[in-house]
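First the structure, in the form of structure tokens, and then the observations on it.
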Protein chains: 2
Amino acid sequence: MAEGNTGGESLLFLTDEQLRKGIEAMFFAYRGFTDDPDRILEGMDYGRAHHRAIHFIHRSPGTTVSNLLTILGVTKQSLNRVLRTLIEDGLVEARVGKADKRERNLHLTAKGQDLERQLSDAQRARMRAAYRAAGPAAVQGFRTVLEAMMDPEMRRQYQSLREGEK
Amino acid sequence: MAEGNTGGESLLFLTDEQLRKGIEAMFFAYRGFTDDPDRILEGMDYGRAHHRAIHFIHRSPGTTVSNLLTILGVTKQSLNRVLRTLIEDGLVEARVGKADKRERNLHLTAKGQDLERQLSDAQRARMRAAYRAAGPAAVQGFRTVLEAMMDPEMRRQYQSLREGEK
DNA sequence: GAATTTACGTCAGCCTTGTTGACTTTCCAA
DNA sequence: TTGGAAAGTCAACAAGGCTGACGTAAATTC
């Protein structure tokens with residue numbers, strides 16, 4: 001199904017025009033995707049970077065700083081600035097590693113869980129509405145294309161996160 | 001596969017776990033989506049903001065500054081900073097409006113077209129690879145979900161852009 | 001014809017979030 | 001014991017958002 005590139009109409013979805021529409025769809029949809037959490041965060045001292053950190057700490061409790069660096073793809077200085085404020089404000093706890101004491105195992109506090117819940121509720125609500133409107137078959141295609149669009153390294157991260165959770 | 005679901009079918013794609021996967025897919029895919037143009041731009045004096053301006057001027061030649069403001073969703077000061085450098089460098093031309101002389105009609109110069117081509121070639125190449133790998137049905141679903149994810153206002157913009165082109 | 005509104009440009013200043021580079025501390029492992 | 005990895009810190013800087021204030025020309029309204 002995927003590679004059947006014989007003649008006629010099978011390749012119509014690969015025209016430059018179709019691709020351009022896909023590109024603009026990504027652009028506009030990503031705005032919607034980030035909008036709700038951004039709105040919640042504004043007014044607090046936090047931004048999108050804090051949201052990302054909170055999301056992935058929630059997702060993989062006990063993860064280390066360097067794990068987070070790999071997933072987020074930023075420098076440790078950038079991440080550290082964000083992490084520091086979250087720790088100072090009591091949303092994140094950094095526990096010295098048990099096996100390797102150089103590592104810090106990151107966890108959300110109750111307060112951190114609260115904010116995470118607020119943010120992900122908003123983001124999931126939009127996602128749910130979109131999924132519901134589009135239907136299960138479209139959702140399947142959505143995920144397939146997005147996965148194919150990732151860099152191989154990001155795809156590995158994405159998939160290992162998936163299998164990491166039960 | 002991930003969640004221990006029985007074969008209920010109909011609403012399984014709306015579980016929080018499924019939604020979370022979609023959220024992370026958006027995050028990782030958007031990185032891939034912006035990566036290639038970003039790499040081309042770095043080293044030049046331009047960034048993602050310039051790319052966006054160039055894209056939409058190419059897309060709607062003769063568009064006005066305020067049109068662009070609406071589409072991009074930034075302040076005029078932000079856009080102006082970007083536009084000014086593009087005009088100074090001879091990538092964009094701002095012609096005084098014919099009917100309304102307060103307006104500036106924006107066009108890419110030959111030089112601007114060159115960069116646009118470079119950027120969109122890179123972005124389309126990744127998009128094409130993803131589309132090809134996923135197949136036409138998945139692409140259809142991809143676009144449907146993204147469209148449903150947009151804010152109504154953005155969706156209008158997106159659709160009016162679509163109909164603008166033949 | 002005067003007043004107001006619109007479209008655009010610009011100056012100044014601030015914030016978030018990214019970057020490099022240099023340096024320290026801790027501590028595991030060879 | 002020593003090299004290097006993990007983590008943190010300080011400093012400086014850039015891109016690209018933002019607000020507020022102001023200016024000007026053109027169009028519109030009264």
Side-chain angles (χ1 to χ4, degrees), chain A residues 27 30-31 34-35 37-57 62-89 92-107, chain B residues 27 30-31 34-35 37-57 62-89 92-107:
Chain A
F27 173 72
Y30 197 76
R31 283 250 293 276
T34 54
D35 236 39
D38 281 358
R39 233 187 324 268
I40 292 173
L41 262 340
E42 98 182 359
M44 305 191 196
D45 294 345
Y46 305 132
R48 206 177 286 184
H50 300 83
H51 180 197
R52 288 198 281 258
I54 287 172
H55 174 96
F56 285 107
I57 293 171
T63 190
T64 63
V65 171
S66 38
N67 275 339
L68 219 46
L69 286 179
T70 306
I71 288 172
L72 297 175
V74 297
T75 58
K76 65 177 176 175
Q77 292 91 332
S78 244
L79 176 57
N80 193 253
R81 179 171 36 201
V82 163
L83 232 33
R84 198 188 326 156
T85 68
L86 291 174
I87 291 169
E88 278 169 6
D89 296 350
V92 168
E93 192 190 351
R95 301 180 194 153
V96 171
K98 247 192 145 164
D100 184 337
K101 292 178 191 163
R102 291 168 305 179
E103 296 182 343
R104 300 289 180 273
N105 298 116
L106 302 170
H107 299 265
Chain B
F27 172 72
Y30 198 77
R31 283 250 292 277
T34 54
D35 235 40
D38 282 358
R39 234 186 323 268
I40 292 173
L41 263 339
E42 98 181 359
M44 306 189 193
D45 293 347
Y46 305 133
R48 208 177 284 182
H50 300 84
H51 180 196
R52 289 197 280 258
I54 288 173
H55 174 95
F56 284 107
I57 293 171
T63 191
T64 63
V65 173
S66 37
N67 274 340
L68 218 45
L69 286 178
T70 307
I71 288 172
L72 296 176
V74 297
T75 60
K76 65 175 176 176
Q77 293 92 330
S78 249
L79 176 57
N80 192 254
R81 179 171 37 199
V82 161
L83 231 35
R84 198 189 323 161
T85 69
L86 291 175
I87 291 169
E88 279 170 5
D89 296 350
V92 167
E93 193 190 351
R95 302 179 195 152
V96 171
K98 254 202 138 153
D100 187 334
K101 293 182 191 161
R102 291 170 307 178
E103 297 183 342
R104 300 287 179 274
N105 296 116
L106 303 171
H107 298 266

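Sequence lines set the chain letters: A, B, ... in the order given, protein chains first and strands last, and positions in each chain run from 1. Scope of the values below: all heavy atoms of this structure, side chains included, with no hydrogens, waters or symmetry mates.
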Specify whether B/H51 and B/H55 have parallel, tilted or perpendicular ring planes, treating 30° as the upper limit for parallel and 60° as the lower limit for perpendicular. perpendicular

Do A/L72 and B/F27 have side chains that get closer than 4.5 Å, going by heavy atoms? yes

For DNA chain D, which nucleotides open and close the run of contacts to chain B, 5' to 3', at under 4.0 angstrom from a non-hydrogen atom? D/dG16 to D/dA27

Is B/D35 salt-bridged to B/R31, cutoff N-O under 4.0 Å? no

Could you identify which residues of residues 40-53 of chain A place a heavy atom less than 4.0 Å from some atom of DNA chain D, listed by residue number, or say none? none

Between protein and nucleotides 19-22 of chain C, what N or O pairs are separated by less than 3.5 Å?
from   : atom 1 : to    : atom 2 : distance (Å)
C/dT19 : OP2    : A/T75 : N      : 2.6
C/dT19 : OP2    : A/T75 : OG1    : 3.0
C/dG21 : O6     : A/Q77 : NE2    : 2.9

[X] [atom1] - [N] [atom2] separation (whole Å):
X	N	atom1	atom2	value
A/L72	C/dG18	CG	P	8 Å
B/L68	C/dG9	CG	P	11 Å
A/N80	C/dC23	CG	C1'	14 Å

State which residues pass ring pair (Phe, Tyr, Trp, His ring centres under 6.0 Å) with B/Y30; sequence neighbours excluded, sorted by chain then number. A/Y30, B/F33

Using nucleotides 5-7 of chain C, report all nitrogen or oxygen pairs with the protein that are shorter than 3.5 Å.
from  : atom 1 : to     : atom 2 : distance (Å)
C/dT6 : O4'    : B/R102 : NH1    : 3.4
C/dT6 : O2     : B/R102 : NH1    : 2.7

Can you list the steps and then say if A/L106 with A/L83 is a side chain to side chain contact (heavy atoms under 4.5 Å, CB included)? CA-CA 10 Å; A/L106 302 170; A/L83 232 33; 4.1 Å; yes

Quick one: salt bridge (charged side-chain N to carboxylate O under 4.0 Å, His left out) partners of A/R84, sequence neighbours excluded? none

Is there a side chain to side chain contact (heavy atoms under 4.5 Å, CB included) between B/T64 and B/N105 once you walk through the steps? CA-CA 5 Å; B/T64 63; B/N105 296 116; 3.9 Å; yes

